[in-house]
Amino acid sequence: MTFPERVFEIVRAVPPGLVVTYGQVAALAGFPRRARHVGQALSGCPSSGPWQRVVGAGGTIRVSKPQCQLELLRSEGVEFRGHRVNLGKYQWQPGPLAFAAL
DNA sequence: CCGATGACTCACG
DNA sequence: CCGTGAGCCATCG
């Protein structure tokens, strides 16, 4: 299983209405130092994918077109304060069963 | 092989 | 809140 593949598996597991950070995804994938590569992996992702649930540390939007991602997330029920989400309220906490299927 | 690059993060001023 | 700089590390030319 390659790193990019792990990234997709994990991102796919994030439920609508919640988000995760790049660093968090990297850590869950087993590589805490590769937050940047998570973004790199997602950069080649179709515009319809589940990538919009990934945000930067602190909940900031990091994509080139923030407005776009913001809309997608808002349509899932995620609220924003400027270009930032309230992680305390919307960050995904993987439950024990979350990876049963992976 | 080397250097530049980047959807990262953190510490500091 | 904003800019800077420094670690980070796979990928690309």
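Values reported hereafter were calculated over all heavy atoms of this structure, with side chains retained and with hydrogens, waters and symmetry mates removed. Remember, it's a predicted structure, so these values are computed and weren't measured experimentally. Letters A, B, ... are given to chains in the order of the sequence lines, protein chains preceding strands, and every chain is numbered from 1.
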> Can the positive tip of A/R34 be found less than 6.0 Å from the middle of the six-membered ring of A/F3, inside 45° of the ring normal?
yes
> Do the side-chain N or O atoms of A/R36 get closer than 4.0 angstrom to the phosphate oxygens (OP1, OP2) of C/dC9?
no
> Tell me the interatomic distance from A/F3, atom CZ, to C/dC8, atom P, rounded to whole angstroms.
16 Å
> Just by distance, no angles: are the side chains of A/T2 and A/E5 close enough, under 3.5 Å, to form a donor-acceptor pair?
yes
> Counting heavy atoms from C-beta on, name the nucleotide in B/dA7, C/dA10, B/dT9 closest to the side chain of A/R34.
C/dA10
> Quick one: are A/V7 and A/V11 in side-chain contact, heavy atoms under 4.5 Å?
yes
> Side chains of A/V38 and A/W51: does their closest heavy-atom pair fall under 4.5 Å?
no
> Taking CH2 from A/W51 and P from B/dC8, how many angstroms apart are they, rounded to a whole number?
14 Å
> To the nearest Å, how far apart are A/L42 CG and B/dC8 P?
10 Å
> Where the side chain of A/Y22 is concerned, which of B/dC8, C/dA10, C/dC9 is the nearest nucleotide?
B/dC8
> Rounded off to whole Å, could you give me the CZ-to-P distance for the A/F31 and C/dC8 pair?
17 Å
> Going by an N to O cut-off under 4.0 Å, is there a salt bridge joining A/E9 and A/R6?
no
> In whole angstroms, how far is the C1' atom of B/dT9 from the CZ atom of A/R62?
8 Å
> Taking the nucleotide of DNA chain B with the closest heavy atom to each, which residue, A/G58 or A/V54, is nearer the 5' end?
A/V54
> Select one nucleotide: of B/dC8, C/dA10, B/dC10, the one nearest the side-chain heavy atoms of A/A35.
B/dC8
> Atom CZ of A/F8 to atom C1' of B/dA7: distance rounded to whole Å?
12 Å
> Using atom CG of A/L87 as one end and atom C1' of B/dC8 as the other, report the distance to the nearest whole Å.
14 Å
> Assign each of A/H37 and A/R84 to its nearest nucleotide of DNA chain C by heavy atoms, then name whichever residue's nucleotide is nearer the 5' end.
A/R84
> What integer distance in Å separates A/H83:NE2 from B/dA7:C1'?
15 Å
